[in-house]
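When a ligand or atom number is given, it counts from 1 through the structure's own listing order.
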Amino acid sequence: MPSSQPCLADTYALSRDYTATSRLNYQYYLWKETLGYDLHPSISLADTGSARAIADVGCGTAIWLRSIAQALPNDIFDGLDISLAQCPPVQWLPPNVSLRAWDLFSEPPQELRCRYDVVHARLLFVVVQNEDPRPVINNLKLLLKPGGYLQWDELNVPGSSILRTSHDVQVPEMESRLASLKQIGGWVKRLGSYMVECGFSEEGCWEYGEKKELAQAFFDNHLAKDVEMIVTRTQPVADRDAQLNAIKDLYDESRKGAVLCTPKVVCVARKMV
Ligand SMILES: C[S@@+](CC[C@H](N)C(=O)[O-])C[C@H]1O[C@@H](n2cnc3c(N)ncnc32)[C@H](O)[C@@H]1O
């Protein structure tokens, strides 16, 4: 595969500067400590004597690929993303990693079809449109060999809750933010059944609650993402300032001993043979 390609038209809601890139890299380590793995243990890769092919779609900074490619040096890894602007130079990644621009809302080119034993995706929450992941699942399915695995790691946003150091901590802004989070992302709870509807056999979906020790770190990381989204979006300055002030209020409230926690979900399914 070519090691890099020009960027496609980029409609991403978040930023691609060094702060955004650092946020994603840091977030990867928080996820790794929460899950304890890159590939879910239910994925058993057959030893066929030849290299297995694994794709990370929406690969971001390529940090997941870097980790897993080092652990599985005899396998082949492709990072696919609408923009490779947040990846390091491919020369600095393990030699078994390639990068390629691909818009996951378009059908994959012929050479990528039925190529992969595993397709991994993480945090496409802001990418999925109209609360419906099926167009994405169908395109990811085209990448997989029959019998190949899809692993999708996502945030269960409506499953969010407030963790407090004590019942007395009053956090009205956080309560109000929680009420809005409950209204979005219901599709994540149905991710496993959507995969089945799209022709996969479901291996399972696993939910990971926030570890108390990581709760503040995840909360701060999510606030950084919210700020990024507000600043990236074109909107009247007054609206933008009001939203940035709301983020500051949430952060100030968290210093009283409360944070919003959002469970992580990992869904694994297999493309039917
Ligand atoms: C929140 S980031 C997650 C990155 C990475 N998976 C991680 O966990 O760090 C979402 C990623 O999806 C990519 N993306 C957005 N729209 C896309 C599209 N239409 N096709 C492919 N990738 C897209 C973005 O460029 C970004 O890298």
Side-chain angles (χ1 to χ4, degrees), residues 4-35 37-40 54-69 77-88 90 93 97-109 112 116 118-130 132-143 150-157 184-185 188 191 208 214 217-218 221-233 262 264-267:
S4 64
Q5 307 230 326
C7 292
L8 304 172
D10 190 0
T11 52
Y12 190 38
L14 293 164
S15 166
R16 299 200 185 279
D17 66 9
Y18 50 84
T19 309
T21 301
S22 301
R23 180 183 63 74
L24 283 184
N25 282 334
Y26 168 53
Q27 179 174 259
Y28 164 81
Y29 291 103
L30 295 178
W31 271 77
K32 185 70 182 274
E33 192 169 335
T34 302
L35 304 184
Y37 57 79
D38 289 318
L39 264 195
H40 189 272
I54 297 174
D56 187 25
V57 176
C59 66
T61 67
I63 193 160
W64 183 90
L65 287 164
R66 184 204 55 80
S67 171
I68 193 168
F77 294 87
D78 294 342
L80 308 175
D81 201 297
I82 196 164
S83 162
L84 303 173
Q86 291 180 274
C87 297
V90 74
L93 287 168
V97 175
S98 302
L99 301 172
R100 175 173 177 142
W102 176 55
D103 177 355
L104 55 74
F105 288 109
S106 63
E107 291 198 349
L112 298 187
Y116 298 101
V118 179
V119 168
H120 173 256
R122 174 174 294 169
L123 291 172
L124 298 181
F125 194 85
V126 299
V127 179
V128 163
Q129 294 174 357
N130 308 315
D132 184 359
R134 285 170 291 189
V136 179
I137 296 171
N138 280 323
N139 283 336
L140 300 185
K141 185 174 154 198
L142 292 172
L143 297 171
L150 173 60
Q151 176 184 327
W152 187 329
D153 316 333
E154 202 43 87
L155 291 172
N156 175 5
V157 173
I184 55 170
V188 176
L191 190 52
Y208 300 79
L214 295 181
F218 265 118
N221 190 258
H222 286 155
L223 288 189
K225 179 260 299 159
D226 291 341
V227 167
E228 210 178 292
M229 197 176 279
I230 293 164
V231 172
T232 306
R233 213 183 293 149
T262 303
K264 285 99 196 115
V265 176
V266 175
C267 283

- Task: Report the member of Asn139, Val136, Leu123, Asp81 with the shortest heavy-atom distance to atom 27 (O) of ligand 1.
- Result: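 Shortest heavy-atom distance from atom 27 (O) of ligand 1: Asp81.
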(Q) For atom 7 (C) of ligand 1, which of the options Arg23, Arg122, Gln86, Arg16 provides the nearest non-hydrogen atom? (A)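 Among Arg23, Arg122, Gln86, Arg16, the closest heavy atom to atom 7 (C) of ligand 1 belongs to Arg122.
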Is it true that the NZ or CZ of Lys225 lies under 6.0 Å from the centre of Phe125's six-membered ring and within 45 degrees of the ring axis?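 Ring-cation test returns no.
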Those atoms of ligand 1 less than 4.0 Å from some heavy atom in Leu104: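 This gives 18 (C), 19 (N), 20 (N), 21 (C) as the contact atoms.
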**OP:** Please name the pair of heavy atoms, one in Ser15 and one in Glu228, separated by the smallest distance, quoted to 0.1 Å.
**Re:**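 Closest approach of Ser15 to Glu228: N-OE2, 3.2 Å.
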Is there a donor-acceptor contact under 3.5 Å linking the side chains of Tyr28 and Thr61?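 Side-chain D/A pair, Tyr28 to Thr61: absent.
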Indicate yes or no: does an N/O atom of [X] lie under 3.5 Å from an N/O atom of ligand 1?
X	result
Ile82	yes
Asp103	yes
Gly58	yes

Please answer whether the main-chain N or O of Gly60 pairs with a side-chain N or O of Asp81 as donor and acceptor at a distance below 3.5 Å.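 Side chain of Asp81 to backbone of Gly60, a donor-acceptor pair under 3.5 Å: yes, one is there.
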*Under 3.5 Å: donor-acceptor pair, side chain of Glu107, backbone of Asn138*: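 Between the backbone of Asn138 and the side chain of Glu107 there is no qualifying donor-acceptor contact (under 3.5 Å).
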> Got a second to check how far Trp64's CH2 is from Lys32's NZ, nearest 0.5 Å?
Replying inline: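 Spacing of CH2 (Trp64) from NZ (Lys32) equals 10.0 Å.
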Legend entry - Passing option when Leu104 is tested against Ile137, Asn139, Leu124 for side-chain contact (heavy atoms from CB on, under 4.5 Å):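 Considering Ile137, Asn139, Leu124, a side-chain contact (heavy atoms from CB on, under 4.5 Å) with Leu104 is found only for Leu124.
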Looking at [atom], what's its closest protein heavy atom, distance included?
atom	answer
atom 9 (O) of ligand 1	Leu24 CD2, 3.8 Å
atom 16 (N) of ligand 1	Val127 CG1, 3.6 Å
atom 2 (S) of ligand 1	Tyr12 OH, 3.0 Å

**OP:** Answer yes or no for Trp102: is there a heavy-atom contact with ligand 1 below 4.0 Å?
**Re:**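 Checking ligand 1 against Trp102, which is what was asked, there is a heavy-atom contact under 4.0 Å.
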